[in-house]
Amino acid sequence: MVLAQLGGSISRALQQMSNATIIDEKVLNECLNEITRALLQSDVQFKLVRDMQTNIKKIVNLDDLAAGHNKRKIIQQAIFNELCKMLDPGKPSFTPKKAKTSVVMFVGLQGSGKTTTCTKYAYYHQKKGWKPALVCADTFRAGAFDQLKQNATKAKIPFYGSYMESDPVKIAVEGVERFKKENCDLIIVDTSGRHKQEVALFEEMRQVSEATKPDLVIFVMDSSIGQAAFDQAQAFRQSVAVGAVIVTKMDGHAKGGGALSAVAATKSPVIFIGTGEHMDEFEVFDVKPFVSRLLGMGDWSGFMDKIHEVVPMDQQPELLQKLSEGNFTLRIMYEQFQNILKMGPIGQVFSMLPGFSAELMPKGREKESQAKIKRYMTMMDSMTNEGKPVLDSSNPKLMNESRIMRIARGSGRQLREVMEMFEEYKRLAKIWSKMKGLKIPKKGEMSALSRNMNAQHMSKVLPPQMLKQIGGMGGLQNLMKQMGSGKDMMGMGGMFGGGDK
Ligand SMILES: Nc1nc2c(ncn2[C@@H]2O[C@H](COP(=O)(O)OP(=O)(O)OP(=O)(O)O)[C@@H](O)[C@H]2O)c(=O)[nH]1
């Protein structure tokens, strides 16, 4: 996701400003101009960027900066707040309720990923125990119904559509009626897309909306749409009552800033993002963790959510217990590799760890990375002869030369490869050791994790250089006190944003 580079650019601009001996208006302006450039390059709409710059100038008091307060922190907090404000329209979207029928209509341009997203949305809810159903009211694109049918069949979701009927309104109404009778609680209507924002598309959309009376209209937008995002989103908003946005293809080379613009144009929140072509490459969108990640800080609550998603329920308490004790053993790594190979999204899990962005499994190189994981597992399989103490220990000293040679021989791999596997283990163990001492949150209590993070935990998570900037442990404790214990850490995340480690 190119948006991630935005965090790096912002951090660099802040660093340059922090390096200046005297912070005057000129230095502040230079810093803000640099940030503005970064935002524009990420395709955030010009007007939004300009407003943001004006707001930051209003908030940031030059006297405070001159007095030697932590300039970086003050400005970064202002940027964090402004970006959050941009992405948060101030009111949540309509949220369907399980076991109560809701009709959700999807709209968007052709190729935006609408049909794929309909299925992802249905599948996401189905996994949570809902009874979703899909209606294909796209009679414009030949093959649209086949695509929906294929996706729906794969996910075992009931669907409705027609090869013969050319009236999308009729199909939509029939489909909705049918699934209401079948007591489906989430009836999803996919509508036609066009290449451009044509009058005919909007008229058809309006008619489908009028006939089916959706509880929620979701606007699906391709993240690579760039500066056109604002106008496009606004055009849709003017024809139907868009209530939420889903931004797709966030995994690609898109700059992604259009997402921010779409929120501003529709005054509706982004509720999910699409991060790949597969059914489960779909993430709930939360503003603060997103901006935290954007600015280079990890996303602990997202990470914990992912653990709940990736690790089978019966293994979760045990895994979290071990992690909280600081015991990341080879066996844990092996078990997690197993889970990952079953479920796939390791990149998503790791990208949420501070300072650890999917190094093991970079996006676009999944096949290669999966082969690597399988190779590691074969080597680890041959370690069973080494006995329980080795697999269940987190002491790297146990991996001595003779052991490494035995493992290489046993698995038919080269010494270099065994060492590489072990280096990977050490790297992971180091990162996961930061979980040590964390109070384990129960499912649905993710924010508790944030509250339970004390300064000591935070100091372990922060890169040393950054900790120094804040004034060491003392400075950090003060800062946390100022924030108040009840404040969420994600907000702080924005203040600490990395990128210059
Ligand atoms: N990489 C990536 N590809 C996606 C994502 N979402 C959808 N796609 C792909 O984008 C292409 C277009 O998606 P569709 O779902 O067919 O688009 P659509 O908007 O329904 O198109 P129409 O039905 O013609 O309006 C397909 O190849 C999808 O696999 C995503 O989040 N990431």
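Just so we're clear, the structure is a prediction, and the values are computed from it rather than from any experiment. Start at 1 and go down the list; that is how both ligands and their atoms are numbered. In this chain, numbering begins with 1 at the start of the sequence shown.
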Select one of side chain, backbone, both or neither to describe which atoms of [X] lie under 4.0 Å from any atom of ligand 1, heavy atoms only.
X      : value
Ser112 : both
His278 : neither
Arg141 : side chain
Thr275 : backbone
Gln147 : side chain

For [Y], is there any backbone N or O sitting under 3.5 Å from a side-chain donor or acceptor partner on [X]?
X      : Y      : result
Lys213 : Glu210 : yes
Lys114 : Asp190 : no
Lys180 : Val103 : no

Within a distance under 4.0 Å of any heavy atom of [X], pick out the atoms of ligand 1 and give their elements.
X      : result
Gly274 : 31 (O)
Lys120 : 30 (C), 31 (O)
Asp138 : 23 (O)
Gly193 : 25 (O)

Only heavy atoms count here, so choose which of Gln110, Glu277, Lys249 is nearest to atom 27 (O) of ligand 1. Glu277

Report the member of Val107, Thr116, Leu109 with the shortest heavy-atom distance to atom 14 (P) of ligand 1.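 The residue whose heavy atom sits nearest atom 14 (P) of ligand 1 is Thr116.
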
Report yes if the distance between the aromatic ring centroids of Tyr123 and Phe282 is under 6.0 Å, otherwise no. no

Ring centres of Tyr425 and Phe422 under 6.0 Å apart? yes

Return a yes/no value for [X]: is any of its N or O atoms, backbone included, closer than 3.5 angstrom to an N or O of ligand 1?
X      : value
Thr115 : yes
Gly276 : yes
Gly113 : yes

State, to 0.1 Å, how close Thr139 and Ser192 come at their nearest heavy-atom pair, and which atoms those are. N-OG, 3.5 Å

Please determine which of Phe219, Phe236, Tyr121, Phe272 meets the ring-ring contact (aromatic ring centres under 6.0 Å, His included) test together with Phe106. Tyr121

Separation of Asp138 CG from Thr191 OG1 (nearest 0.5 Å):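 Reported to 0.5 Å precision, the distance equals 7.0 Å.
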
Side-chain ion pair, Lys181 and Glu177, N-O less than 4.0 Å: no

Side-chain ion pair, Arg178 and Glu174, N-O less than 4.0 Å: no

Contact between ligand 1 and Gly111 is defined here as a heavy atom of the residue under 4.0 Å from a ligand atom; is it met? yes

